[in-house]
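In what follows, a structure is listed as structure tokens, so that the remarks can point back to it.
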Amino acid sequence: VAVLAALVSSLASVVAARKLGLGGSPAAGQAAAVYQCPMHPSVVQDHPGDCPICGMKLVKVDKPKPSAPVTSSAPKVLFYRSPMDPKQTSATPRKDEMGMDYLPVYEGEATSDKVTVPGLSAVEIDPARQQLIGLKTSPVEVRSVGGAFRTVGRVAVDETRVRHVNVKVPAFVERIYVDYIGKKVNKGDPLFSLYSPELLSTQEEYLLALKTRDDLAKLGSSRGDDNDLVAAARRKLELWDIPAAEMDRIERTRTPTKTLTLRSPATGVVTKKDVVEGMKLDAGAMPYEIVDLSVVWVLADVYENELRLVKEGMAANLTLAAFPNREFKGKVVFLDPLLDPQTRTVKVRITFPNPTGELRPEMFGEVVLLSAPHEANTIPLEAVIDSGTEKIAFVAIGEGKFVPRVLKIGQNDGTRVEVVSGLTLGEQVVTHANFLVDSESRLRASLATVTHGVPSAKPVESARVLPATAPAMPSEQDHAAHGHDHGASGPGR
């Protein structure tokens with residue numbers, strides 16, 4: 001009986017041990033927990049941590065025990081490579097100097113994707129990982145693009161509506177009628193009165209010529225020379241800006257005037273006043289400047305890549321912070337033939353009617369230049385990756401695969417961009433997490449080139465960074481010759 005009891009107890013212990021998975025092996029029917037990188041499925045370990053390639057947190061994956069022997073053809077392992085230095089490879093599993101396991105490279109992983117864009121490769125991401133990284137796609141659609149683009153404008157004076165009031169003879173200021181800057185004047189309003197000995201003398205000459213002509217007419221011996229003298233004296237007064245009404249008054253009253261009143265030549269605002277009563281003015285002095293603000297200019301900055309869209313005569317709208325509910329309408333009248341080398345922009349001149357004077361010079365506002373929109377293939381603006389030399393987008397071709405494409409883009413409206421070439425209608429492009437896809441694509445292309453010598457479609461453009469005194473980078477041969485050192489110092493870089 002004692003022997004039988006001991007035997008039963010031993011069998012129960014064995015059964016319990018198998019159920020609990022003692023000795024480090026998983027129990028029957030249970031799943032072994034493993035941790036895997038979302039972007040690099042080949043990185044797998046049995047404890048939490050970070051991916052040695054991209055640094056992302058490893059995700060727990062429950063790997064169920066197969067219920068039957070696997071009969072499907074699994075991908076063949078070609079070789080193993082170091083996670084820190086892809087140039088260090090091995091035909092058998094091993095660890096690097098840091099104690100990290102070499103990663104397997106399966107058949108077809110490095111060479112199955114044809115590199116059509118320099119430095120990039122196709123990538124494959126399963127749906128679960130797409131959801132994990134927030135990957136989204138959008139189709140190529142026909143939309144209206146163009147028609148408007150925004151820039152910044154500054155209100156300026158219309159230079160064709162600036163008038164200067166000057167004095168053509170030496171004179172003394174007797175009285176001032178417009179006595180401060182900013183005062184509005186109408187055409188013909190008096191500005192100031194002046195006394196000039198030369199002007200008084202010319203009036204006397206004009207009166208003498210009139211008297212001589214009249215006396216000779218009474219005697220019946222009038223000649224053509226008399227009329228010429230009168231015309232010459234009158235012409236001299238006209239050249240000194242004496243108004244015709246003032247000359248008619250002199251001729252009618254036959255009395256010269258001591259002071260001459262100069263009047264505004266245009267309707268506008270006084271923007272300059274350089275005169276006070278009693279002041280002596282020399283010939284050529286400019287005591288007043290008058291600007292007509294009924295029409296103003298707006299100078300807008302247009303970048304050189306948008307110049308092809310701007311034409312003279314196109315409509316434009318202006319909005320100002322001072323009048324948020326107002327929209328002023330104008331027209332492009334001039335494009336500066338010179339490019340500003342500092343801002344890399346061209347000044348575009350737009351005229352705006354300003355009958356109420358609300359548009360004041362030096363105000364800033366937003367200008368919308370309007371042109372005719374057109375239909376074109378478009379994609380969301382965030383789908384385009386600017387590599388510096390090319391515009392790239394990743395296209396979904398099905399089964400979780402994404403391939404890079406080089407695009408030529410046209411106009412955009414701030415949300416969508418026109419695709420001139422590189423995509424066809426209906427194709428799906430990556431709009432979210434495309435920078436993660438781009439990083440993985442570049443990594444795969446780099447590894448394929450290093451390990452198998454897979455050539456790119458064309459050499460990747462490169463340039464040396466200035467200044468020239470920067471230390472030279474080691475060559476690939478030096479890297480290969482010192483692969484051991486790179487593996488040992490990887491974490492410290």
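If you read the sequence from its start, that first residue is 1, and numbering goes on from there.
Side-chain contact of Ser121 with Ser441: a donor-acceptor pair under 3.5 Å is absent, judged by distance alone. For the residue pair Thr271 and Glu289, a side-chain donor N or O sits within less than 3.5 Å of a side-chain acceptor on the partner. In this structure, a donor-acceptor pair under 3.5 Å is present between the side chains of Thr378 and Arg416.
For Lys408, the NZ atom is loosely surrounded, since the number of other residues' heavy atoms within 6.0 Å does not exceed 12. More than 12 heavy atoms of other shown residues, nucleotides or ligands fall within 6.0 angstrom of atom NZ in Lys168. Remark: Arg150 CZ is loosely packed, at most 12 non-hydrogen atoms of other residues, nucleotides or ligands lying under 6.0 Å away.
Although no hydrogens or angles enter the test, the distance criterion places a donor-acceptor pair under 3.5 Å between the side chain of Asn354 and the main chain of Gly357.
The minimum heavy-atom distance between Ala376 and Val145, with the atom names listed, is CB-CG2, 4.0 Å.
The pair Arg175-Glu277 does not count as a salt bridge, with every side-chain nitrogen at least 4.0 angstrom from each carboxylate oxygen. Between Arg161 and Asp292, at least one side-chain nitrogen of the basic residue sits less than 4.0 Å from a carboxylate oxygen of the acidic one, meeting the salt-bridge criterion. With respect to Glu327 and Lys329, a salt bridge is recorded, a charged nitrogen being found less than 4.0 Å from a carboxylate O. Electrostatic pairing of Asp340 and Lys347 does not count as a salt bridge here, judged by no charged N lying under 4.0 Å from a carboxylate O. Using a 4.0 Å cut-off between charged nitrogen and carboxylate oxygen, Asp50 and Lys57 count as a salt-bridge pair. Classification of Asp282 and Lys280 as a salt-bridged pair holds, one side-chain N sitting under 4.0 Å from a carboxylate O.
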Show every donor-acceptor pair shorter than 3.5 Å between a side-chain atom in residues 308-325 and any protein atom, with sequence neighbours excluded, or say none if there are none.
{"unit_1": "Arg308", "atom_1": "NH1", "unit_2": "Asn305", "atom_2": "O", "d": "2.4"}

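Scored by the side-chain contact (heavy atoms from CB on, under 4.5 Å) test, Ser439 finds no partners at all (sequence neighbours excluded). When the side-chain contact (heavy atoms from CB on, under 4.5 Å) test is applied to Glu238, the partners found at least two apart in sequence or on another chain are Arg234, Arg235, Met247.
Using a 4.5 Å heavy-atom cutoff, the side chains of Glu427 and Arg405 are in contact. Under the 4.5 Å side-chain criterion, counting only non-hydrogen atoms from C-beta, Val43 is in contact with Leu58. Contact annotation: the side chain of Lys187 never approaches that of Pro265 to less than 4.5 Å [non-hydrogen atoms, C-beta and beyond]. Between Phe394 and Ile385 the shortest side-chain heavy-atom distance falls below 4.5 Å. The side-chain heavy atoms of Val185 and Val178, taken from C-beta on, include a pair separated by under 4.5 Å.
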Worksheet item: Hey, mind stepping through Glu174 and Ser193 against side chain to side chain donor-acceptor pair (under 3.5 Å) and telling me if it holds?
Response: CA-CA 5 Å; Glu174 292 284 331; Ser193 298; over 6 Å; no
